[in-house]
Novice: 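Have a look at this one.
Count residues from 1 along the sequence. Note that ligands are numbered from 1 as they come in the structure, with each ligand's atoms numbered from 1 the same way.
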Amino acid sequence: MDPAGSEQDPETKEQYASVYVGREEDVKRSERITAVVHDREVVIFYHKGEFHAMDIRCYHSGGPLHLGEIEEFDGRACIVCPWHKYKITLETGEGLYQSINPKDPSAEPMWCSKGIKQRIHTVTVDNGNIYVTLSKEPFKCDSDFYATGLFKVIPSSF
Ligand code: FES
C-alpha cells in the first residue's frame with residue numbers, strides 16, 4: 001500500500017505512456033494525421049505552428065473530425081465537424097456557439113462556450129518525432145462516449 005499514492009498501477013502507467021505517432025516533418029506537411037494511442041483514436045492537427053491532439057470522433061454524434069475544416073471563431077482556432085458544423089477549439093476542446101439575447105433582438109450574436117466537450121491530449125516533439133500522451137483529466141468528457149467500442153473508425157490493428 002502506498003499512502004501517498006505515488007505508486008502507479010502498471011496498467012494505468014502503460015495507458016498514459018506517450019506513443020510515437022509520426023515524424024514532425026510529415027505531420028507539418030500533411031497538417032493532420034490520425035493515430036491509435038493505447039486503443040484510443042485521435043487526430044493530430046498542425047495549425048499555425050502548433051500541434052493539437054484530440055479524440056477523433058465529435059462529441060455531438062461521433063462525426064469524423066479528421067475530415068473537418070479548421071476555421072477561426074472569436075479569435076480561436078476551431079475544427080468544424082463535417083456532420084453538423086459544431087465548432088470545437090483546438091486548444092481546449094470547448095464547444096463554441098453563437099447566442100443572442102432574446103430580450104434584445106437588435107443585439108449582435110455573441111460567441112459563447114459550452115465548456116470542454118472534446119478530450120484534448122498532449123503532443124510532444126522530440127528530435128523530429130511526434131508523441132501523443134492521452135489526457136489524464138479525471139472529468140467525464142462527452143467525446144469519451146465515442147472514443148470506445150462500436151464507434152471506432154480506425155481498426156485497432158493499424
Ligand atoms: Fe459533429 Fe454533429 S457529429 S456536429
Novice: Do the non-hydrogen side-chain atoms of Val43 and Met54 ever get within less than 4.5 Å of each other?
Specialist: yes
Novice: Please identify each residue that fulfils ring pair (Phe, Tyr, Trp, His ring centres under 6.0 Å) with Phe145, with sequence neighbours left out.
Specialist: Phe151
Novice: If every non-hydrogen atom of Gln118 is compared with every non-hydrogen atom of Leu65, which pair is closest and at what distance?
Specialist: NE2-CD1, 3.5 Å
Novice: Is NZ or CZ of Arg29 both nearer than 6.0 Å to the six-membered ring centre of Tyr46 and within 45° of the ring axis?
Specialist: no
Novice: Should the heavy atoms of other residues, nucleotides or ligands under 6.0 Å from CD of Gln98 be counted, would the total exceed 12?
Specialist: yes
Novice: Any salt bridge between Lys117 and Asp55, counting N to O under 4.0 Å?
Specialist: no
Novice: Show all protein N/O/S atoms under 2.8 Å from atom 1 (Fe) of ligand 1, or state that there are none.
Specialist: Cys58 SG, Cys81 SG
